2 protein chains.
Amino acid sequence: MERANKRAQLKHNLLSLIRQGGDGAQLPPERELSERLDVARETLRRCLRELELEGLLERRQGAGTFVSGQPVIKQPQLLSFSEDMQARGLTPSSEVLSFRTTGATAKIAQKLQLPPGAPLLEIRRLRMANDEPMALETVYLSKALVAELELSQLTSGSLYGLLHSHFGIQLRSAAQTIQSTVLTEEEAEILEVPPFSPSLLVTRVAVSTQGQAIEYAKSLYRADRYRFEVNVERLSVPADDVSTK
Amino acid sequence: MERANKRAQLKHNLLSLIRQGGDGAQLPPERELSERLDVARETLRRCLRELELEGLLERRQGAGTFVSGQPVIKQPQLLSFSEDMQARGLTPSSEVLSFRTTGATAKIAQKLQLPPGAPLLEIRRLRMANDEPMALETVYLSKALVAELELSQLTSGSLYGLLHSHFGIQLRSAAQTIQSTVLTEEEAEILEVPPFSPSLLVTRVAVSTQGQAIEYAKSLYRADRYRFEVNVERLSVPADDVSTK
DNA sequence: CAGTGGTCTAGACCACTGG
DNA sequence: CAGTGGTCTAGACCACTGG
């Protein structure tokens, strides 16, 4: 057990150092830190790399390791709407438009690895940021997993938080597709924009730490209020390189 | 020099192993591979992790390391249009709509870290996949960097390839924003869709391995033909965790 | 040039898989 | 239980920064 938790523990220690330091603060040199925190330098460095990927630290060879002034997420994160808005400095809220049990269509069944027709919970919510309509979200969850989920629990807090605290389900990753579309008249009315306004359509299948498909969600974001920011890296293997005979 | 290239060399060796193996093939155990390729196991493992992130390998503790049947990119990559289409199994081509020198607007100057009014090369291209219009792309490059770039060089191959081979510029990463918009009548005509059709607007600032901002690009993709697929991970530090007092 | 992060090594032990 | 990937270590040396 010692071993498995070492990195998690280490990360906690580093996080408190980062919070203490504040923007731009320089962390102690790796060799000193590793000794102080009683881990090998390479182990420390793995944690530092993760924190760098999460945008909390900047490392410069020859210069040092610094607390990021303005954290930039370098790897896209799986965030619930609430978390996403908070990260953008906005206050999330929502209004439940419908909450019902339904049967899985062929498509959703396939995405959630359930038999077609399996009972699903469908939650449709208007998501707001600073009390302004931002997105229209429809979430499907297997009824078998969240049978006792009640409407009243949804009014406050994030669904992901609920899944974790009440059902022991922790999400690990998701496959998302991002498309452009125009809103129907009904959707436009709910989002308080003119009919046929442009919208970002985000479809998501989220998977638990156990590897089980948990959530299928479709979100329509107001194009005038929402945009994705993605940092992309240039990895190895340019296509030509591979095809070189 | 030995040191710096070790991982790159190693990766090449692994790539040829992967290509030989084909879908689903199992790689030799790490201990054996590291000996055969004459590197420490940890060094090998770093490369394997990168290849896993690039979706070329799957590793299962206790079972082994396997060539991915259907590579899934786990980290969004910086790809030129040509590379992107090839990765999607389509044949890219393009038509240069305009090619001219202009002065940097305040906004573009800021993105490219140039003084306002600095001379820029503006390249506007219709990008096609399997000879069908796919996107309308406008690229801005500092004239100072690519003074000798000629129109004739653009007709074949990718701009990124040109930058590398003719100007020694290698890209490292980019910041992208993804928005939803509707096309103007002129844009719609070029892309051969009805006016005011929805479109994905992708804005990109690409940075070289030297850390210099090189390219500012705006691309309008046909919403009916193009979508983004992004895999997102759930990282540590849920917001609550931090705010816990 | 002292000090920093970056790479690489050889080896120990842990955790999981799949017969 | 043999074999696999996953974690961690202590230490050497490289590459870069910034006075």
Side-chain angles (χ1 to χ4, degrees), chain A residues 1-14 17-18 21 24-53 55-68 74 172 209-211 233 236, chain B residues 1-14 17-18 21 24-68 74 172-173 208-212 233 236:
Chain A
M1 197 200 90
E2 279 286 83
R3 222 45 164 286
N5 287 3
K6 193 138 199 177
R7 282 239 289 283
Q9 180 54 48
L10 178 52
K11 215 157 166 180
H12 259 93
N13 290 333
L14 290 173
L17 261 180
I18 288 170
Q26 179 165 10
L27 256 55
E30 295 179 354
R31 287 158 181 86
E32 186 187 325
L33 258 185
S34 65
E35 195 174 345
R36 229 162 83 187
L37 300 174
D38 193 34
V39 294
R41 193 176 153 223
E42 274 291 6
T43 305
L44 171 70
R45 281 177 56 72
R46 277 213 219 176
C47 275
L48 291 175
R49 199 175 317 131
E50 285 176 31
L51 292 165
E52 190 185 15
L53 274 179
L56 296 171
L57 291 178
E58 286 170 33
R59 300 152 93 199
R60 288 200 295 280
Q61 182 175 41
T65 300
F66 305 85
V67 176
S68 280
K74 297 206 172 143
R172 182 181 55 193
T209 50
Q210 310 298 314
E233 301 283 322
S236 66
Chain B
M1 199 200 90
E2 280 285 83
R3 222 44 165 286
N5 287 3
K6 194 138 200 176
R7 282 240 288 284
Q9 180 56 48
L10 178 53
K11 216 158 168 180
H12 260 92
N13 290 333
L14 290 172
L17 261 179
I18 288 169
Q26 179 165 9
L27 256 55
E30 295 180 352
R31 288 159 181 85
E32 186 188 325
L33 257 185
S34 65
E35 196 175 343
R36 228 162 83 186
L37 300 173
D38 192 35
V39 295
R41 192 174 153 224
E42 274 291 7
T43 305
L44 171 70
R45 281 178 55 72
R46 276 213 219 176
C47 274
L48 290 176
R49 199 177 316 130
E50 286 176 31
L51 291 165
E52 189 185 15
L53 275 178
E54 292 172 32
L56 295 171
L57 291 178
E58 286 169 33
R59 298 151 95 199
R60 290 200 294 279
Q61 183 175 41
T65 300
F66 305 85
V67 176
S68 279
K74 298 207 172 142
R172 182 181 55 195
S173 64
S208 74
T209 49
Q210 311 296 315
Q212 189 174 20
E233 302 283 322
S236 66

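The structure displayed is predicted, hence computed values, not measured ones. Letters A, B, ... mirror the listed sequences (proteins, then strands); counts begin at 1.
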Nearest-neighbour nucleotide for the [X] side chain, [options] considered:
{"X": "Arg31(B)", "options": "dG6(C), dC8(D), dC13(C)", "result": "dC13(C)"}
{"X": "Glu30(B)", "options": "dG6(D), dC8(C), dT17(D)", "result": "dG6(D)"}
{"X": "Thr43(A)", "options": "dT4(D), dC16(C), dT9(D)", "result": "dT9(D)"}

Rounding to an integer number of Å, can you tell me how far [X] [atom1] sits from [N] [atom2]?
{"X": "Glu35(B)", "N": "dA10(C)", "atom1": "CD", "atom2": "P", "value": "10 Å"}
{"X": "Arg45(B)", "N": "dT4(D)", "atom1": "CZ", "atom2": "P", "value": "14 Å"}
{"X": "Arg41(B)", "N": "dA12(C)", "atom1": "CZ", "atom2": "P", "value": "13 Å"}
{"X": "Leu33(B)", "N": "dG3(D)", "atom1": "CG", "atom2": "C1'", "value": "15 Å"}
{"X": "Leu51(B)", "N": "dG5(D)", "atom1": "CG", "atom2": "C1'", "value": "16 Å"}
{"X": "Leu37(A)", "N": "dA10(D)", "atom1": "CG", "atom2": "P", "value": "14 Å"}
{"X": "Arg7(B)", "N": "dC8(C)", "atom1": "CZ", "atom2": "C1'", "value": "9 Å"}
{"X": "Gln9(B)", "N": "dT7(C)", "atom1": "CD", "atom2": "P", "value": "17 Å"}

5' precedence on DNA chain D between Ala40(A) and Arg60(B) (nearest-nucleotide basis):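 Its nearest nucleotide lies further toward 5', so the answer is Arg60(B).
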Along DNA chain D (nearest heavy atom to each residue), the more 5'-positioned of Ala63(B) and Arg46(A):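 Final value for this comparison: Ala63(B).
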Opposite nucleotide pairing with dG18(D), Watson-Crick or G-U, both atom distances under 3.5 Å: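 Pairing partner: dC1(C).
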Strand partner of dG11(D), provided both Watson-Crick or wobble distances fall under 3.5 Å: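 dG11(D) is paired, partner dC8(C).
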Heavy-atom neighbours of Gln26(A) CD exceed 12 at 6.0 Å: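 Result for CD/Gln26(A): enclosed.
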Residue whose nearest DNA chain C nucleotide is more 5′ - Thr65(A) or Glu42(A):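 Going by which nucleotide is closer to the 5' end, it is Thr65(A).
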Geometric cation-pi criterion, Arg59(A) with Phe66(A): 6.0 Å, 45°: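 Here Arg59(A) fails the 6.0 Å and 45° test against Phe66(A).
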Under 4.0 angstrom between Lys6(A) side-chain N/O and dT9(D) OP1 or OP2: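 The answer is yes; a side-chain N or O of Lys6(A) sits under 4.0 Å from OP1 or OP2.
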Salt bridge (Lys or Arg N to Asp or Glu O under 4.0 Å) assessment of Arg46(B) paired with Glu30(B): CA-CA 11 Å; Arg46(B) 276 213 219 176; Glu30(B) 295 180 352; over 6 Å; no
Trace of the salt bridge (Lys or Arg N to Asp or Glu O under 4.0 Å) decision for Arg7(A) with Glu50(A): CA-CA 10 Å; Arg7(A) 282 239 289 283; Glu50(A) 285 176 31; 3.6 Å; yes
Gln61(A) (side chain) and dC14(D) (base): donor-acceptor pair under 3.5 Å: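 When only heavy-atom distances are counted, Gln61(A) does not reach the base of dC14(D) through any donor-acceptor pair under 3.5 Å.
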Nearest-0.5 Å distance, CZ of residue Arg49(A) to CG of residue Leu44(A):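 Here the interatomic distance stands at 10.5 Å.
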